[in-house]
Every structure is written in structure tokens, then in C-alpha cells.
A.B. asks: 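Below you'll find the structure I mean.
Residues: numbered from 1 along the sequence shown.
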Amino acid sequence: MIERYTLPEMGRVWSEAHKYELWCRVETLVLEAHAKAGTVPADSVEPVRNAQPPTPEAVAEIEAVTEHDVIAFLTAWADNTEPRSAAAYVHFGMTSSDLLDTALAVQLAEASDIILAKADRLVAVLRDHALAHKSTLRSGRTHGIHAEPDLWGHRVADFAFAAARSRDRIRRAKEAVAVGTLSGPVGSYSNIDPAIEAEVMPALGLRPADVATQVVIRDGISEWVSALAILATVCEAIATEVRHGQRTEVRELWEPFRKGQKGSSAMPHKKNPIRSERICGMARVVRSYVTPVTEGIPLWHERDISHSSVERIALPDASIATDYLLHLTAGLVEGLVVDTDRMSENMNVTNGLLYSSAVLLELVSSGLSREDAYALVQAAAMETWDKKTPFRESLLTQGKKKSMDLDEAALDRAFHAETYVSRLGPVFDRLARLA
């Protein structure tokens with residue numbers, strides 16, 4: 001992921017330097033376990049433990065010759081080991097995938113923890129914003145058209161619960177990827193005792209794979225990237241709502257706009273929803289990695305490396321982008337400007353058509369058949385659309401045309417916005433308990 005969208009903590013997880021630190025940690029733990037078991041000389045451990053991790057530059061220089069990243073790493077690390085002979089027992093009984101998959105699992109767990117912390121923040125921000133607007137009336141919309149009165153807090157509550165569920169998927173996916181293997185070529189433990197794996201994995205915060213055929217099968221990693229994609233797309237849903245709310249014709253919501261910020265190079269009046277649009281764009285990037293990563297599940301026989309090149313790009317990019325998306329989305333909601341006056345104005349823009357559903361039910365309750373009631377209400381609604389007459393007036397007109405005396409008290413009940421939202425209390429009670 002380009003530097004523009006990389007936050008420092010997540011960038012550190014996927015840096016080459018950190019990767020080699022993890023490789024050194026895995027190899028050292030394996031060496032210690034071997035020495036404890038008497039497989040290798042005990043005096044080989046201390047020199048290796050004290051050797052500095054090789055620099056990315058040193059590894060790259062050797063890899064230019066070997067065209068094998070693990071061998072290049074082992075050679076560069078041996079160059080830092082005194083005496084160098086102690087390095088002979090590093091990687092003892094292991095194959096490359098033992099190191100690569102196990103260290104990758106640690107990186108994925110670390111990345112998960114960063115994402116989970118930001119997801120917790122987003123859930124809290126959405127919850128608090130929704131509770132703050134549990135009485136803010138606005139027009140609910142379906143198909144982009146005004147439907148019935150609703151609450152802005154109700155809309156945000158939906159996002160809050162979706163974000164919480166998405167966060168919980170990441171938690172489960174973290175368990176799916178926190179899996180390593182130390183089982184040697186083709187995963188048969190031919191050159192390494194399973195006891196080594198059993199001792200090392202807990203020290204890394206991992207569990208041994210139930211079975212590994214040299215590589216850990218990629219269903220867990222695919223689940224993890226899919227969980228990131230869902231979380232990123234929930235962020236996109238939030239951003240899409242803000243983008244729509246900031247349209248000139250709507251003007252109910254505004255992204256935070258700092259002093260000195262500029263909206264357009266040509267039009268000084270512009271305040272554009274740039275954060276929301278960035279969120280939407282980057283969610284597409286995260287989703288785009290689901291298919292190529294999932295295609296790493298079927299490999300040839302016990303192992304090939306067709307998944308490797310994909311994952312070197314996809315896993316850092318997907319997690320870095322999701323981390324940045326969460327940061328942007330939480331900040332967007334925290335600084336969101338809600339124009340409650342404009343929401344009230346917009347509720348009246350259709351001259352009362354928001355209440356057609358309630359009117360229909362009141363007429364049915366008064367004894368009309370649903371078909372007759374629907375025909376009357378629809379005719380009145382079309383008159384209001386065409387002539388811009390108040391909906392209540394159109395209803396009375398249509399009633400007279402059909403020789404029906406409409407109950408004024410029933411219309412009063414129908415044209416009462418609070419009636420629509422009075423039953424949302426349990427939603428906000430559940431929301432208040434959301435953590």
C-alpha cells in the first residue's frame with residue numbers, strides 16, 4: 001500500500017525489517033526447543049539469540065544471487081552470528097513454509113489486533129452518535145424517494161450494529177489465521193519432532209495447524225480477508241449515507257471542514273465529501289483482494305507457491321487499507337455535522353406525502369376495504385405530486401369526489417411524525433448496551 005494511506009503502526013507490522021525480526025524469533029524458538037530436547041548442541045543457542053536480525057538490504061543483496069528469500073535471510077543472519085558456526089543449526093529440520101507460514105500467522109494476528117482496536121473505536125463512535133440523535137426526525141428514504149418519517153439515530157444505529165458484527169467477524173477470523181506449522185517437507189514431520197511444534201506455537205501466540213501438507217491451507221487466510229472486506233464495506237455504507245446527505249439538494253449532513261481546507265481548485269464555494277469518497281474508493285480495493293486470496297486454497301499436491309506472490313501484495317494492502325478506512329470513518333462520524341433544521345425542512349418538501357402509509361391504515365381501520373382505501377390515498381398522492389397541494393387537502397378533495405367523509409381525528413393521528421418513531425425505544429436500549 002502506498003505511503004499516503006499507511007498508518008505507522010500497521011505499516012510497521014508489514015515492514016521488511018519487522019518480517020525478518022519475526023523470522024529470527026521463530027528460528028530462535030525452534031533452536032531453543034531443539035537444544036532443550038538434545039537434538040542440537042546447547043551452546044549453539046546463545047550466539048544465535050544474540051545475533052542481530054539482518055537488514056532488508058543485506059537480504060536483498062544475497063537474494064539477487066540465490067533467488068530464494070529464506071536462504072538469503074539465513075545467510076545474512078549467519079553473517080551476523082558469532083561464531084558463525086553456531087548458525088549451522090538454525091532452520092534444523094524445517095522447510096521454508098514452516099518459517100514463512102508461521103511468521104505470517106504472527107503478522108496477521110498483530111494486524112488483527114490493530115484493526116480490532118480501531119473497530120472498537122468505530123463501534124463506540126457510531127453508538128454514541130446514534131444515541132445523541134435518538135429524537136432527531138428526518139425523512140426515511142427507499143429507492144432514494146421519501147418514504148416515512150424516521151430518526152437519524154435509527155439509521156446510525158443500524159451502522160453501529162453492522163460495525164460490531166463485522167468487528168466480531170475479525171475476532172473469529174483472527175483465530176482462524178493464528179495457526180502455524182513446523183512439520184518439515186510435505187508436512188510429515190520426517191525431520192522434526194512434533195514436540196518442537198507443540199512447544200514453539202504457544203510461545204508465538206499460535207496453535208499448530210490440525211494438519212499441514214508443508215503449507216497451511218489458505219481457508220483461514222481467505223476468511224480473514226473476507227472479514228476485512230465486509231468491515232470495509234460497512235465503512236463504505238456509512239460514507240455513502242454521508243455523501244448523499246451532503247448533496248446540495250439534501251444538505252442534511254456535512255463532513256467536518258477544517259479552517260484552511262479547500263474544496264475545489266476552481267470553485268471556492270465547494271465543500272466536497274472527500275473523506276467519504278475516499279472511504280468508498282478504498283473499500284473497493286479491499287474487496288478486490290478476496291478472490292485472488294481465496295484462489296490460494298487449491299495448490300498443486302503438497303505445495304506450490306502460486307499463493308505467495310498474491311499474498312505478498314494482498315495481505316499487507318488489505319489490512320493497511322482497512323486500518324486506514326477505520327481511522328477515516330471514525331473521524332468522519334466524530335466530526336459529522338448534522339443539520340437538524342434542514343432535516344425538518346426536508347420532511348415537508350413533499351407536502352405531507354410521508355404520511356400516506358399511516359393514512360391508508362387509518363382508513364382501513366375506519367371500515368374501508370384496503371383496495372378502496374389504497375385507491376383513494378394514491379389518487380390524493382398523485383394530485384399532491386402534480387399540483388403541489390398539501391396532501392391532507394388532496395385527501396379531503398378525493399374523499400368528496402368519492403362521497404366519503406374522512407375522519408378528521410383519524411387524519412390527525414396519521415399526520416403525526418412522532419407516532420412513527422415512538423416504538424423505536426427498544427432499538428436504542430439495545431444500542432446503549434452495545435460495546
A.B. asks: Should Asp168 and Arg171 count as an ion pair when the cut-off is N to O under 4.0 Å?
C.D. replies: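 Between Arg171 and Asp168 there is a salt bridge, with a charged N closer than 4.0 Å to a carboxylate O.
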A.B. asks: State the CD1-CG distance between Ile170 and Leu116, to the nearest 0.5 angstrom.
C.D. replies: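 It is 6.5 Å, given to the nearest 0.5 Å.
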A.B. asks: Do Thr6 and Trp14 touch side chain to side chain, with heavy atoms closer than 4.5 Å?
C.D. replies: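 Of all side-chain heavy-atom pairs linking Trp14 with Thr6, none is under 4.5 Å.
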A.B. asks: Please evaluate residues Val338 and Met343 with respect to the criterion side chain to side chain contact (heavy atoms under 4.5 Å, CB included), reporting the C-alpha separation (whole Å), side-chain torsions for both, the decisive distance (0.1 Å), and the verdict.
C.D. replies: CA-CA 9 Å; Val338 180; Met343 287 181 173; 3.6 Å; yes
A.B. asks: Closest heavy-atom contact between His154 and Phe428?
C.D. replies: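 Smallest heavy-atom distance, with atoms named: N-CZ, 3.6 Å.
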A.B. asks: Tabulate below the donor-acceptor pairs under 3.5 Å that side-chain atoms of residues 177-187 make, not counting sequence neighbours, or state none.
C.D. replies:
{"residue": "Thr181", "atom": "OG1", "partner": "Ser183", "partner atom": "OG", "Å": "2.8"}
{"residue": "Thr181", "atom": "OG1", "partner": "Glu197", "partner atom": "OE2", "Å": "3.4"}

A.B. asks: Determine the minimum heavy-atom distance between Val215 and Ser97, stating which atoms define it.
C.D. replies: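 Looks like CG1-OG, 3.5 Å.
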A.B. asks: For a quick test of reading the model, state the closest non-hydrogen atom pair linking Ser166 to Val234 and the distance between them.
C.D. replies: OG-CG2, 3.4 Å
A.B. asks: May I ask you to test the Arg312-Asp69 pair for a side-chain heavy-atom distance under 4.5 Å?
C.D. replies: yes
A.B. asks: For Glu252, run the salt bridge (Lys or Arg N to Asp or Glu O under 4.0 Å) check against Arg342, Arg247, Arg141 and tell me which one passes.
C.D. replies: Arg141
A.B. asks: Could you walk me through whether Glu32 and Leu29 pass side chain to side chain contact (heavy atoms under 4.5 Å, CB included), step by step?
C.D. replies: CA-CA 5 Å; Glu32 290 172 347; Leu29 286 170; 3.7 Å; yes
A.B. asks: Taking it one step at a time, do Ile145 and Thr350 satisfy side chain to side chain contact (heavy atoms under 4.5 Å, CB included)?
C.D. replies: CA-CA 10 Å; Ile145 309 299; Thr350 58; over 6 Å; no
A.B. asks: Checking the side chain of Arg218 only, and the main-chain atoms of Val216 only, is there a donor and an acceptor separated by less than 3.5 Å?
C.D. replies: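 Such a contact is found between Arg218 side chain and Val216 backbone.
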A.B. asks: Between Asp128 and Glu334, is any pair of side-chain heavy atoms under 4.5 Å apart?
C.D. replies: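 No, side chains not in contact.
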A.B. asks: If you draw a 6.0 Å radius around CZ in Arg370, do more than 12 non-hydrogen atoms from other residues or ligands fall strictly inside?
C.D. replies: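 Atom CZ in Arg370 is not crowded, with 12 or fewer foreign heavy atoms closer than 6.0 Å.
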A.B. asks: Does the distance from a Lys or Arg side-chain N to an Asp or Glu carboxylate O, for Arg12 and Glu9, drop under 4.0 Å?
C.D. replies: no
A.B. asks: Given Asp150 and Arg155, is the salt bridge (Lys or Arg N to Asp or Glu O under 4.0 Å) satisfied, shown in steps?
C.D. replies: CA-CA 8 Å; Asp150 196 6; Arg155 184 74 181 110; over 6 Å; no
A.B. asks: If you compare all heavy atoms of Ala163 against all heavy atoms of Leu231, which two are closest, and at what distance to 0.1 Å?
C.D. replies: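 Result for this residue pair: O-CD1, 4.4 Å.
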A.B. asks: If you draw a 6.0 Å radius around OH in Tyr374, do more than 12 non-hydrogen atoms from other residues or ligands fall strictly inside?
C.D. replies: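 No.
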A.B. asks: After noting the C-alpha distance and the side-chain angles of Glu175 and Arg172, does the key distance pass the salt bridge (Lys or Arg N to Asp or Glu O under 4.0 Å) rule?
C.D. replies: CA-CA 5 Å; Glu175 295 179 9; Arg172 294 191 293 272; over 6 Å; no
A.B. asks: Nearest 0.5 angstrom please: Leu326 CG to Lys118 NZ, how far?
C.D. replies: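 One gets 8.0 Å once the value is rounded to the nearest 0.5 Å.
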A.B. asks: Determine whether Glu408 and Leu396 make a side-chain contact, defined as any pair of heavy atoms from C-beta on separated by less than 4.5 Å.
C.D. replies: yes
A.B. asks: Mind jotting down which residue pairs meet the ring-ring contact (aromatic ring centres under 6.0 Å, His included) criterion with at least one end in residues 198-249? Sequence neighbours excluded, please.
C.D. replies: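 ring-ring contact (aromatic ring centres under 6.0 Å, His included) check on residues 198-249 returns no pairs.
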A.B. asks: Does any non-hydrogen side-chain atom of Leu299 lie less than 4.5 Å from one of Gln214?
C.D. replies: no
A.B. asks: Can any side-chain N or O of Asp372 pair as donor or acceptor with the backbone N or O of Leu368 at less than 3.5 Å?
C.D. replies: no
A.B. asks: Check the angle between the aromatic planes of Tyr20 and Trp23 and answer parallel, tilted or perpendicular using the 30° and 60° thresholds.
C.D. replies: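 Answer is perpendicular, since the angle exceeds 60°.
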A.B. asks: Can you tell me how far apart CG (Asp113) and CG (Leu108) are? Round to the nearest 0.5 Å.
C.D. replies: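 Here the rounded value is 11.0 Å.
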A.B. asks: Looking at every heavy atom in both Ala160 and Leu126, which two are closest together, and how far apart are they?
C.D. replies: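 Scanning both residues, the minimum pair turns out to be CB-CB, 3.7 Å.
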A.B. asks: Compare all side-chain heavy atoms of Ile114 with those of Glu110 and state whether any distance is below 4.5 angstrom.
C.D. replies: no
A.B. asks: Between Glu255 (side chain only) and Arg275 (backbone N and O only), is there a donor and an acceptor less than 3.5 Å apart?
C.D. replies: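 Confirmed, Glu255 side chain pairs with Arg275 backbone.
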A.B. asks: State whether the side chain of Asn346 and the backbone N or O of Val250 hold a donor-acceptor pair below 3.5 Å, judged by distance alone.
C.D. replies: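 Between the backbone of Val250 and the side chain of Asn346 there is a qualifying donor-acceptor contact (under 3.5 Å).
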A.B. asks: What's the spacing between Glu223 CD and Thr294 OG1 if we round to 0.5 Å?
C.D. replies: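 These two atoms lie 10.5 Å from each other.
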A.B. asks: Tell me which pairs pass ring-ring contact (aromatic ring centres under 6.0 Å, His included) where either residue lies in residues 340-365, with sequence neighbours left out.
C.D. replies: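 Applying ring-ring contact (aromatic ring centres under 6.0 Å, His included) to every pair that reaches into residues 340-365, excluding sequence neighbours, yields Tyr355-Phe415, Tyr355-Tyr420.
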A.B. asks: Side chain to side chain contact (heavy atoms under 4.5 Å, CB included) for Arg25 and Leu204? Distances and angles first, verdict last.
C.D. replies: CA-CA 9 Å; Arg25 184 181 172 198; Leu204 293 167; 3.7 Å; yes
A.B. asks: If you measure from CE on Met10 to CD on Gln107, what distance do you get to the nearest 0.5 Å?
C.D. replies: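 Spacing of CE (Met10) from CD (Gln107) equals 11.0 Å.
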A.B. asks: A quick test of your reading: do over 12 heavy atoms of other residues, nucleotides or ligands sit less than 6.0 Å from CG of Asp210?
C.D. replies: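 Counting other residues, nucleotides and ligands, CG of Asp210 stays at 12 neighbours or fewer.
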A.B. asks: Please check this pair: side chain of Thr322 against backbone of Ser319, looking for a donor-acceptor N/O pair closer than 3.5 Å.
C.D. replies: no
A.B. asks: Are the side chain of Glu362 and the backbone N or O of Leu411 linked by a donor-acceptor pair below 3.5 Å?
C.D. replies: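 Pair absent, no side-chain N/O of Glu362 close to backbone of Leu411.
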A.B. asks: Taking all atoms of both residues into account, what is the closest heavy-atom pair of Val59 and Ala72, and its distance?
C.D. replies: O-CB, 3.6 Å
A.B. asks: Stepwise, does the side chain to side chain donor-acceptor pair (under 3.5 Å) test hold for Thr340 with Thr136?
C.D. replies: CA-CA 7 Å; Thr340 57; Thr136 301; over 6 Å; no
A.B. asks: Using side-chain heavy atoms (C-beta onward) and a distance below 4.5 Å, is Leu253 in contact with Trp152?
C.D. replies: yes
A.B. asks: If we only count heavy atoms from C-beta on, is the Glu345 to Asp339 side-chain gap below 4.5 Å?
C.D. replies: no
A.B. asks: Report yes or no: does Asp193 contribute a side-chain atom to a donor-acceptor pair with the main-chain N or O of Ala195 at less than 3.5 Å?
C.D. replies: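 Answer holds: yes.
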A.B. asks: Given the rule in the side chain to side chain donor-acceptor pair (under 3.5 Å) test, do Tyr324 and Arg278 qualify, once you have shown the distances and angles that lead to the verdict?
C.D. replies: CA-CA 10 Å; Tyr324 183 68; Arg278 194 181 311 154; 2.9 Å; yes
A.B. asks: From Arg303 CZ over to Ser96 OG, what is the distance, rounded to the nearest 0.5 angstrom?
C.D. replies: 6.0 Å
A.B. asks: Tell me, yes or no, whether the heavy-atom count around Lys134 atom NZ, taken from other residues, nucleotides or ligands under 6.0 Å, exceeds 12.
C.D. replies: no
A.B. asks: Please determine if Glu236 and Arg243 form a salt bridge, counting it only when a charged side-chain N lies under 4.0 Å from a carboxylate O.
C.D. replies: no
